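Any value given below was found using the heavy atoms of this structure, including those in side chains, with hydrogens, waters and symmetry copies removed. Owing to the predicted nature of the structure, the values given are computational and were not obtained by experimental measurement.
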Amino acid sequence: MTKALADQIIEVAHRFSEPEYARAGGGNASYKRDGILYIKPSGTSLKTLQAEDLVPLRIETLMEALHSDQTSGDPVQIAAAKARVGVDDGRRPSVEILFHALLEEPLVLHLHPLTINALTCNEKAQELTEEIFGDDAVLVEYANPGIPLAREVEKAREAYTARTGKKPPRLTLLRNHGVIAAGHTAEEIMTILDDATTRVRSAINANPAPADSTRRSADETRRVNEMIQIAAPLLRGLLGVDGALAVVTSNASDLVRSETKLGKPMVTDGPLIPDQIVYAGSLPCVVEPKYAPLDEQVRKAVAAYQKTYGRNPVIVVLPRKIVFAVGVDHRAAKNALDVFTDALRVAREAERLGAVRVMNDTERTFIENWEAESYRAKVGAARAQGRMQSKVVMITGAAQGFGLGIAQGLAAQGAHVVLADIKYELAAAEAKHLLDLHGPGAALAVHLDVADEASQKEALTEVLAQYGGVDLFISNAGIARAGSVPQARLQDFDIVTAVNYRGYYLGVRTIAPILAAQHEVRPDLLFDIIDINSKSGLEGSKRNFAYAGSKFAAIGLTQSFALELIESGIKVNSICPGNYLDGPLWSDPDQGLFVQYLRAGKVPGASSVQEVRAFYEAKVPMMRGCQPEDVVRAVLYLVEQQYETGQALPVTGGQVMIN
């Protein structure tokens, strides 16, 4: 039994939704049945498209608009409104509804494939089309999206028929745009696109590839990392909007570092396709290498860009070194970075076929000012909402326990959370769960041994490369080794001190310069360091002196850090939770405190873990242990409180109260 057309178009949309063929909300899909065009809404993804998402439009009405002489307003959207079948639910159909309606085949897929765009974004596009495809494809010269492009498609198809006496082919190449494949079945469209990709790839591979950049030396890697540490927090502040810092992500791959065949850095002199303008901006801000300090170079380059173009850059390039992309959140920044590096790849491969063609000033200006594309960008850029919207939060010891609970709670409030833990595999698995729940960019796992200075620096470098900086650093990693004074081992005392005390110090020492740099460029904003301490930092703990001592000492660090770092716009506070009786610190069957306390005889008369637990629950006036959500509320309070630093906030259910 033949699949329904709706199922077939969804099948090919999903099949060609990978970055090789479409990015962000790019690409389009439609099918026709009984005089109705069903088409993808603007700004939505081919990857997640479902049949019920498609917007129904009357083809006859659309064809009238294609051949009308209306010039007022936006003719495409006016036509879409008139052609709409059923109730308008606010979903806007693609801006390219007209050429979808024009083509007679029932299934139409429109893509921006990287390999094929090495041909369409080429000065020799016409010659290459004839050479590679013969009569199997028609090339449409560049035209503005909407009615102009649809009319150019119609014109090119009519010219093809007049020249060959045959019906137009089912593969249409759009100069500086992409490709259209039309057919009667999903299999037919897949065959057309796979064959086209193979043909162009073979033509590219028949020409010598440019020499790759040599492998970076350790010194070059260190220099790139220094660039990230200097430039990324600065760009977060310079290009933030709405009272918040931007998110900045980066790429220092061989592609970014490579050169054109003329020996110029891979930057591109303009956009290659409309999607690049929508998601990455028409032109990057280029920071030319000079003898001035890098922060001064970046400031001057950004200011010059803003003066010249009247807007903020989305892409900032240090030629032959690194590319930064800026967004309101990580998803937007990563989309911009991917779209820009896609353009670099297309440009590089276009040079192997001939010479890259970029969109001229008139072409790009139309896209920059076209409301329909602004709408598409807006829909595609919708971001998570919440009290921590788009803030970057780095949490040590976040693979389990309070750290994981805090990460989960803050991610639910719109934060980008970094799960930093010595148990990297566990942290990575939990980060994946958060990504599945909250979407791309919501979480990152990094390996971190808090007691090791080099590990602290390496972890922060990863965070800066992904997010550009940090808004809130939470020092949560901690361990406990219970025992009486005569029986406790020195190595247990040392490891507790190394993790709980030294680890807190090293984390603050590593992160503070980044937070200070952000405050320097945005003095209106304060940043936060929070130590997840313990009620044992407020009162002694029998047969648990190493843990309590480290926590008392950490509060001393908090108060001292607070006095110094507020000068750099950094608030430093501690949260002192009660016992998380359900967490691994207490409940681990081998090393948990229930087991340790039972062995150490800390609870008189207790003969089981259950009796130890009951003993500690009875100590709390609210008759329960502390939960991660209790700590998350305290974190949110301290971040939002603009007149609080150097404090140790109890979250103990009344078990420990401030005197």
J.: Between Phe16 and Tyr21, what is the ring plane arrangement, given parallel below 30°, perpendicular above 60°, and tilted in between?
T.: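 Ring orientation, 0 to 90° scale: perpendicular.
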
J.: Using modelled atom types and a 3.5 Å cut-off, is there a donor and acceptor pairing between side-chain atoms of Arg236 and backbone atoms of Ala246?
T.: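 Side chain of Arg236 to backbone of Ala246, a donor-acceptor pair under 3.5 Å: yes, one is there.
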
J.: So, does Tyr279 use its side chain to make a donor-acceptor pair with the main chain of Ala333 at under 3.5 Å?
T.: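 It does not hold such a pair.
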
J.: Does the side chain of Leu49 come within less than 4.5 Å of Leu54's, by heavy atoms?
T.: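 Sidechains of Leu49 and Leu54: in contact.
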
J.: Answer yes or no: is there an ion pair linking Glu368 with Arg311, defined by an N-O contact shorter than 4.0 Å?
T.: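 Arg311 and Glu368: salt-bridged.
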
J.: Between Ile59 and Ala101, which heavy-atom pair has the shortest distance, and what is it?
T.: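 Closest heavy-atom pair between Ile59 and Ala101: CG2-O, 4.1 Å.
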
J.: For the backbone of Leu272 and the side chain of Gln276, can you confirm whether one donor and one acceptor N or O come within less than 3.5 Å of each other?
T.: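 Checking the backbone N and O of Leu272 against the side chain of Gln276, a donor-acceptor pair under 3.5 Å is found.
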
J.: May I ask you to say whether Arg199 pairs ionically with Asp136, meaning some side-chain N is under 4.0 Å from a carboxylate O?
T.: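 Yes, this pair counts.
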
J.: Does a side-chain N-to-carboxylate-O contact under 4.0 Å join Arg345 and Asp338?
T.: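 Salt bridge absent between Arg345 and Asp338.
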
J.: Drop me the distance from Tyr38's OH to Arg33's CZ, to the nearest 0.5 angstrom.
T.: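 Reported value, rounded in 0.5 Å steps: 4.5 Å.
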
J.: Look at Glu11 together with Arg15 and state whether they make a salt bridge at an N to O cut-off of under 4.0 Å.
T.: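 Here Glu11 does not pair with Arg15 in a salt bridge, since their nearest N and O are not under 4.0 Å apart.
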
J.: With a 4.0 Å cut-off on N to O distance, would you call Asp275 and Arg23 a salt bridge?
T.: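 Looking at Asp275 and Arg23, the cut-off is not met.
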
J.: Can you tell me how far CG of Asn117 sits from CG of Asn176, rounded to the nearest 0.5 angstrom?
T.: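 Answer for the CG-CG pair, Asn176 versus Asn117, is 8.0 Å.
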
J.: Heavy atoms, side chains only, cut-off 4.5 Å: are Cys121 and Arg357 in contact?
T.: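 No. Closest side-chain heavy atoms not under 4.5 Å.
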
J.: Glu349 versus Arg201: any side-chain heavy-atom pair under 4.5 Å?
T.: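 A side-chain contact exists here, since the closest heavy-atom pair is under 4.5 Å.
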
J.: Once rounded to the nearest 0.5 Å, what's the spacing between atom CZ of Arg299 and atom CG of Leu294?
T.: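 These two atoms lie 11.0 Å from each other.
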
J.: What distance do Phe99 atom CZ and Ser94 atom OG have between them, rounded to the nearest 0.5 Å?
T.: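 Between Phe99 CZ and Ser94 OG, I get 6.5 Å after rounding to 0.5 Å.
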
J.: For salt bridge (Lys or Arg N to Asp or Glu O under 4.0 Å), just list the numbers for Glu226 and Arg223, CA-CA rounded to whole Å, side-chain angles, deciding distance to a tenth of an Å, and then say yes or no.
T.: CA-CA 5 Å; Glu226 289 172 353; Arg223 177 57 181 151; 3.7 Å; yes

J.: Any side-chain heavy atom of Ile97 sitting closer than 4.5 Å to one from Leu57?
T.: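 SC-SC contact between Ile97 and Leu57 confirmed.
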
J.: Between Arg157 and Lys167, does the side-chain contact (heavy atoms from CB on, under 4.5 Å) criterion hold? Intermediate values first, please.
T.: CA-CA 8 Å; Arg157 289 166 61 84; Lys167 294 180 64 174; over 6 Å; no

J.: Quick one: sort the His112 and His110 rings into parallel, tilted or perpendicular, breaks at 30° and 60°.
T.: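 If you compare the ring of His112 with that of His110, the planes turn out perpendicular.
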
J.: To the nearest 0.5 Å, tell me how far Arg352 CZ sits from Asn122 CG.
T.: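 If I round to the nearest 0.5 Å, the distance is 12.5 Å.
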
J.: Is Glu131 salt-bridged to Lys124, cutoff N-O under 4.0 Å?
T.: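 Salt bridge flag = no for Lys124 with Glu131.
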
J.: To the nearest 0.5 angstrom, please state how far the CD atom of Glu105 sits from the CD1 atom of Ile180.
T.: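 Between Glu105 CD and Ile180 CD1, I get 10.5 Å after rounding to 0.5 Å.
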
J.: Measuring only between side-chain heavy atoms, which start at C-beta, is Val418 closer than 4.5 Å to Val446?
T.: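 Side-chain contact under 4.5 Å: yes.
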
J.: Please check if the side chain of Arg151 supplies one atom and the backbone of Leu66 the other of a donor-acceptor pair under 3.5 Å.
T.: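 A pair under 3.5 Å: yes.
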
J.: Would you find a donor on one side and an acceptor on the other, under 3.5 Å apart, between the side chain of Tyr309 and the backbone of Leu283?
T.: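 Judged by distance alone, no pair lies under 3.5 Å.
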
J.: Backbone N or O of Lys40 within a donor-acceptor pair of the Thr44 side chain at under 3.5 Å?
T.: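 Answer holds: no.
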
J.: Is Thr249 reaching over with its side chain to a backbone N or O of Ala465, donor-acceptor style, under 3.5 angstrom?
T.: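 At least one qualifying donor-acceptor pair exists.
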
